[in-house]
Every structure is written in structure tokens, then in C-alpha cells.
J.: 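Sharing a structure with you now.
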Amino acid sequence: IRKNHPKAFLFGYNILLEGFENEMMNKKAGDQFDFTLSPEQAYGTKDPFAILDIPKDSFEVEGKIDEKVLIIGNKVPMRDNFGNEHIGVVLEVTTKDVVIDFNHPLAGK
């Protein structure tokens, strides 16, 4: 099935991972190849400082917490103090806090 649905990507525009582009350099259509990037060459290792305990009341909207948002494994968009949006994954919910992982989903892989 994959043969019938090739994927396209832009190469040489610094959009892809540098290690990926380096491995693709000098390849031609039809070349067969295989390579692996280390986490350091890709999305980095998991950063324990990117896993945060956030007070549960931070999720209040109009005085209520939507418990359907705080489900383990759910992706939650949040903004930092500078207005940048970050997507985190809910790891744990306690009566007071929500533990959220802001690491890239492919970090450590």
C-alpha cells in the first residue's frame, strides 16, 4: 500500500531535521537506504524540567474546571508568560495539581 502513496517533502530549506537532511544528501530517486538518528540528532532527550506540576485551578474557565480536558493522555494547549503556545500531555491528575509533559512527543526516541 505504501508504494502506491509516496510521501513528498521539501529538502534543503532547513525545514527537516539536520541529521535527516544530511542522511538524504546525494540520494537519488529509487535509491534504497536505511538510517537511524539518535535522540540528540532528532528531537532531543526527554527533559525532566519540561514535566510540570500545574495547579488544577489554572484550568478553571468561568469558575469551573472541565474534567473532560484533564484526562490522562489528553493533549492540552497552554500559553506561557510570553504568549507562546505549547502542547502538553496530561500525565497525572490529583485533587490539587495536574502533571503535564511539555516534551516533544518524539523526544528520547
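Keep in mind the model is a prediction, meaning the values are calculated, not measured.
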J.: Does Phe35 share a hydrophobic cluster with Leu16, counting links as ILVMFWY side-chain heavy atoms below 4.5 Å and allowing steps through other members?
T.: yes
J.: For the residue pair Glu85 and Ile87, what are the closest heavy atoms and their distance?
T.: OE2-CD1, 3.9 Å
J.: Would you give the length of the straight line joining atom CG of Asp47 to atom NE2 of His104, rounded to the nearest 0.5 angstrom?
T.: 14.0 Å
J.: Going by heavy atoms in the side chains, are Asp97 and Lys56 under 4.5 Å from each other?
T.: no
J.: Would you say Tyr43 and Leu17 make side-chain contact, with heavy atoms under 4.5 Å?
T.: yes
J.: In terms of side-chain geometry, is the basic nitrogen of Asp101 or Lys46 positioned less than 4.0 Å from the acidic oxygen of its partner?
T.: yes
J.: Can you name the nearest heavy-atom pair linking Asp31 to Asn26, along with the distance?
T.: OD2-O, 4.2 Å
J.: Check whether any side-chain heavy atom of Asp66 sits under 4.5 Å from a side-chain heavy atom of Lys64, and report yes or no.
T.: no
J.: Can you name the nearest heavy-atom pair linking Glu40 to Thr45, along with the distance?
T.: OE2-CG2, 3.3 Å
J.: Surrounding CD of Glu18 (heavy atoms of other residues, nucleotides or ligands, distance under 6.0 Å), is the total greater than 12?
T.: no
J.: Grab the two heavy atoms, one from Glu21 and one from Gly12, that are nearest each other, plus how far apart they are.
T.: OE2-N, 3.3 Å
J.: Please give the remaining members of the hydrophobic cluster of Leu70, linking ILVMFWY side chains under 4.5 Å, ordered by chain and number.
T.: Leu52, Ile54, Phe59, Ile65, Val69, Val76, Met78, Val90, Val93, Val98, Ile100, Phe102
J.: Heavy atoms, side chains only, cut-off 4.5 Å: are Phe33 and Lys27 in contact?
T.: yes
J.: Mind listing the closest non-hydrogen atom pair of Leu37 and Ala42 along with its distance?
T.: CB-CB, 4.5 Å
